[in-house]
2 protein chains.
Amino acid sequence: MSQSVLRAARIIDAIADEPRTVMELAATFDLHRSTMFRELRALESVGYVHRRKDGRYRLGLHLVSLARRAFDDLDLPGAARDHLRTLHGIVGNTVHLAALVEDIIVYVDKVEDPSGVRMYSSIGKAVVPYASGVGKAILAGLDVGARDAVLAGATWVKFTENTISSRAELDRQLDLVTQQGWAADDREFEDFINCIAVPIVTPLGVVGALSITAIRMVQDLDTLKTRIPAMLQTATLIARELG
Amino acid sequence: MSQSVLRAARIIDAIADEPRTVMELAATFDLHRSTMFRELRALESVGYVHRRKDGRYRLGLHLVSLARRAFDDLDLPGAARDHLRTLHGIVGNTVHLAALVEDIIVYVDKVEDPSGVRMYSSIGKAVVPYASGVGKAILAGLDVGARDAVLAGATWVKFTENTISSRAELDRQLDLVTQQGWAADDREFEDFINCIAVPIVTPLGVVGALSITAIRMVQDLDTLKTRIPAMLQTATLIARELG
DNA sequence: GACATTGTTGCATCATTTGCAACACAGTTG
DNA sequence: CAACTGTGTTGCAAATGATGCAACAATGTC
């Protein structure tokens with residue numbers, strides 16, 4: 001059973017790449033025309049591919065409706081929950097999880113440091129994208145269009161002296177974030193708080209980010225940076241669990 | 001080859017319905033556990049399904065990335081083009097095609113009545129959702145959330161005496177549109193113009209609408225209504241071509 | 001109008017998938 | 001704690017389903 005399904009999946013991928021004819025696909029997969037024809041007919045009957053008037057096959061609509069549900073079922077908090085707690089056990093700091101939900105970034109989970117100061121941040125609260133570690137970690141992984149959408153309502157309020165206050169400056173920083181794979185918030189939202197964030201990247205792109213936070217006087221940014229490897233691994237584990 | 005693929009598709013649909021275990025699926029499809037296990041492993045290896053920690057399978061992320069492309073490839077104007085011209089040949093009136101593109105409704109094609117008056121409406125122009133036949137035909141097919149999104153920027157300008165000028169009044173009319181399957185624009189945008197519109201509905205939901213337009217003095221609304229069966233059939237043909 | 005190319009179907013062969021049995025592992029119960 | 005129940009997982013021989021072929025249909029091309 002695996003062979004048929006595997007090949008069907010590869011055929012669908014080929015069609016996703018660009019619409020193809022029966023002959024092209026038969027040649028690509030080294031199959032007889034008749035075989036490929038039957039395969040495509042089967043895929044068409046379940047709505048996975050669709051035959052255009054010109055004879056080429058493209059992806060079918062049923063795939064889209066499936067994906068909508070797959071996306072709705074995507075449970076970032078659920079997938080992350082245990083890993084965040086494990087990370088917290090390692091680093092000790094408050095750990096935040098943020099998700100990108102339709103152009104806005106929202107905190108969806110956090111693990112407080114019981115011994116430390118409780119910080120003001122609540123689950124469900126929207127994140128200021130340009131003034132937070134998770135915001136920057138997520139923005140750095142988006143293409144221009146998506147980045148524009150997230151920043152559409154940006155007011156560029158200067159919360160602190162370090163707050164990024166222009167799109168140009170932000171874009172410059174995001175380039176760096178993309179390169180290094182993590183983002184810092186160096187007193188950019190609150191004067192006494194630092195944080196480091198890493199994106200959670202699935203085959204779909206960035207779906208969220210996680211961060212660790214510290215009071216500046218207790219731990220400086222360089223101390224937090226030593227935690228980056230652990231954070232990256234946590235992010236990878238969460239991504240794997242998602243998909 | 002068809003049988004394996006067909007069943008795989010049905011299994012995926014079952015999982016889309018809600019996450020399932022190997023045993024449940026084996027029972028549903030009357031297969032041995034081992035067989036279903038192997039099937040799911042194959043589907044997992046290509047990213048179509050994903051095994052959660054609790055052992056249940058849910059849809060995989062690869063499906064979502066496929067769907068994104070499928071959706072991008074969706075070519076409403078291309079699929080509609082010939083059918084619109086055929087319809088124009090039958091009814092004679094100016095035919096418009098509108099698409100719902102990310103919360104806004106846009107004219108994407110039209111067939112002018114060469115003998116009639118050229119009407120002011122251009123391809124690419126955004127439609128006023130509450131003051132047009134195609135707008136109402138589309139809105140009627142959307143759920144509350146999507147309807148809210150489309151109407152987010154609505155100004156409720158009264159273009160004519162008949163223009164709908166409140167959400168409540170619109171919602172009332174849309175109920176009727178949903179019931180009857182078509183929408184009218186009875187001098188609601190321009191005093192001298194009437195139109196009838198029908199939605200184009202795919203398995204994904206409403207993706208657009210088409211309309212026929214007439215100068216009120218030349219053809220009244222009742223005359224236009226006689227064209228509804230032809231329009232509905234055209235919409236069905238277009239939807240079929242899309243999917 | 002003949003030719004070339006691709007689409008489409010029936011059929012016998014062949015390969016893949018299937019169910020079984022057996023083992024592994026976890027959670028549960030007496 | 002040990003036996004048990006339910007599920008996950010793998011090897012193997014039987015059986016079902018997929019494959020290529022050939023032949024025909026349909027379409028476009030020279």
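Lettering follows sequence order; numbering is per chain, from 1.
- For A:F37 and C:dG7, the CZ to P distance is 9 Å, given to the nearest whole Å.
- In terms of position on DNA chain D, the residue among B:G55 and A:H32 whose nearest nucleotide sits closer to the 5' end is B:G55.
- Note on B:T35: a side-chain N or O is less than 4.0 Å away from OP1 or OP2 of C:dG19.
- When rounded to the nearest whole Å, the span between CD1 of A:I11 and C1' of D:dT19 equals 13 Å.
- A donor-acceptor contact shorter than 3.5 Å is absent between the side chain of B:T35 and the backbone of B:L31.
- As a whole-Å value, the separation of A:L31 CG from D:dT19 P is 7 Å.
- Residue contacts for A:R41: at a heavy-atom cut-off of 4.0 Å it reaches the sugar-phosphate backbone alone, with no base atom in range.
- Of the candidate nucleotides D:dG17, C:dC20, C:dT9, C:dC20 has the atom nearest to the side chain of B:S34.
- The side chain of A:R7 lies closest to D:dT19, out of D:dG8, D:dT19, C:dG19.
- In this structure, A:Y57 atom OH and C:dT6 atom P are separated by 14 Å, rounded to whole Å.
- Atom OG1 of A:T21 is separated from atom OH of A:Y57 by 9.5 Å, given to the nearest 0.5 angstrom.
- Residues B:N93 and B:Q219 bring a donor and an acceptor atom of their side chains to less than 3.5 Å of each other.
- Close to C:dT8, at under 4.0 Å from its OP1 or OP2, lies a side-chain N or O of A:R51.
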At a cut-off of 3.5 Å, list every protein nitrogen or oxygen paired with a nitrogen or oxygen from nucleotides 25-30 of chain D, distance to 0.1 Å.
none

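- Distance CZ (A:R38) to P (C:dT6): 18 Å, rounded to an integer number of Å.
- Going from atom CG of A:L25 over to atom P of C:dG7 covers 10 Å, rounded to whole Å.
- At a threshold of 4.0 Å, the pair B:D82-A:K53 counts as salt-bridged, since one of the basic side-chain nitrogens sits closer than that to a carboxylate oxygen.
- Among the nucleotides C:dT6, D:dG8, C:dT9, the one closest to the side chain of B:M23 is D:dG8.
- Comparing B:R33 and B:M36, the nucleotide of DNA chain C nearest to each residue sits closer to the 5' end for B:M36.
- Rounding to the nearest 0.5 angstrom, the gap separating the CZ atom in B:R81 from the CG atom in B:D75 is 11.0 Å.
- A salt bridge is absent between B:R52 and A:E241; no separation between the charged side-chain nitrogens and carboxylate oxygens falls under 4.0 Å.
- Under 4.0 angstrom from either OP1 or OP2 of C:dG7 there lies no side-chain N or O belonging to A:R56.
- Inspection of the A:D13 and B:H62 side chains reveals an N or O donor paired with an N or O acceptor under 3.5 Å.
- Across the protein-nucleic acid pair, B:Q3 atom CD and C:dT18 atom C1' stand 12 Å apart, rounded to whole Å.
- Atom-to-atom, CG of A:D54 to P of C:dG7 comes out at 11 Å; the value is rounded to the nearest Å.
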